[in-house]
Amino acid sequence: DAGKYTLTVKDSKNAAVYTEEATVSGNGGHFYYITTKASETAQNAGKGTYKNAAFVAGDYTFSITDASSNVVLSGSFTIA
């Protein structure tokens, strides 16, 4: 649905290490693309520790919430 959505990535200590907001103008799909190997010359669009730095090895969780803080998608990933 149309609205504002926020991607939040947290590390294994439950600290937010990356956030990115998007405004979706209509119904249909939306995606976030982040690189886990960001740098000063290849930055992610959001904010946080990994805007311009490569993710360190470890376990991470992510969630996408709507403007009312409802979780619309969540999951986890590991950087080896």
Side-chain angles (χ1 to χ4, degrees):
D1 293 342
K4 183 177 175 182
Y5 294 86
T6 303
L7 165 69
T8 303
V9 178
K10 294 182 177 182
D11 64 14
S12 61
K13 297 176 184 171
N14 206 34
V17 293
Y18 182 78
T19 59
E20 185 175 330
E21 295 181 349
T23 300
V24 177
S25 59
N27 293 334
H30 176 75
F31 65 91
Y32 292 90
Y33 175 85
I34 65 171
T35 179
T36 59
K37 297 186 183 273
S39 67
E40 285 293 331
T41 58
Q43 296 185 6
N44 283 309
K47 300 175 184 174
T49 302
Y50 297 123
K51 174 180 177 58
N52 57 2
F55 279 65
V56 297
D59 297 320
Y60 298 86
T61 59
F62 72 89
S63 62
I64 298 174
T65 54
D66 64 14
S68 299
S69 297
N70 297 308
V71 175
V72 296
L73 182 68
S74 64
S76 62
F77 61 95
T78 298
I79 303 294

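Counting all heavy atoms, side chain and backbone alike, Ala57 lies closest to Ala80 at CB-C, 4.0 Å.
Listed by chain and number, the residues in a side chain to side chain contact (heavy atoms under 4.5 Å, CB included) with Thr61 are Lys10, Ser76 (sequence neighbours excluded). A search for side chain to side chain donor-acceptor pair (under 3.5 Å) contacts involving Thr23 returns nothing, not counting sequence neighbours. With sequence neighbours excluded, the residues forming a side chain to side chain contact (heavy atoms under 4.5 Å, CB included) with Ser68 are Asp66, Asn70, listed by chain and number. Evaluation of the side chain to side chain contact (heavy atoms under 4.5 Å, CB included) rule for Ala22 yields His30, Tyr32 as partners, not counting sequence neighbours. Taking Lys47 as the reference, nothing meets the salt bridge (Lys or Arg N to Asp or Glu O under 4.0 Å) condition, with sequence neighbours excluded. Remark: Asp59 pairs with Thr78 by the side chain to side chain contact (heavy atoms under 4.5 Å, CB included) rule, at least two apart or across chains. Not counting sequence neighbours, the partners of Tyr60 by the ring pair (Phe, Tyr, Trp, His ring centres under 6.0 Å) test are Phe55, Phe77.
Distance alone, capped at 3.5 Å, is enough to place a donor-acceptor pair between the Asn44 side chain and the Thr35 backbone. Between the side chain of Tyr50 and the backbone N or O of Val17 there is no donor-acceptor pair closer than 3.5 Å.
Rounding to the nearest 0.5 angstrom, the gap separating the OG1 atom in Thr19 from the NZ atom in Lys51 is 10.0 Å. Summarising the geometry, atom OH belonging to Tyr18 is positioned 10.5 Å from atom OG1 belonging to Thr8; distances are rounded to the nearest 0.5 Å.
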Run the side chain to side chain donor-acceptor pair (under 3.5 Å) test on Thr41 and Ser39 for me, step by step, so that the C-alpha distance in whole Å, both residues' side-chain angles and the decisive distance to 0.1 Å come before the verdict.
CA-CA 5 Å; Thr41 58; Ser39 67; 3.3 Å; yes
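Listed by first and then second residue, the salt bridge (Lys or Arg N to Asp or Glu O under 4.0 Å) pairs involving residues 11-39 are Lys4-Glu21 (not counting sequence neighbours).
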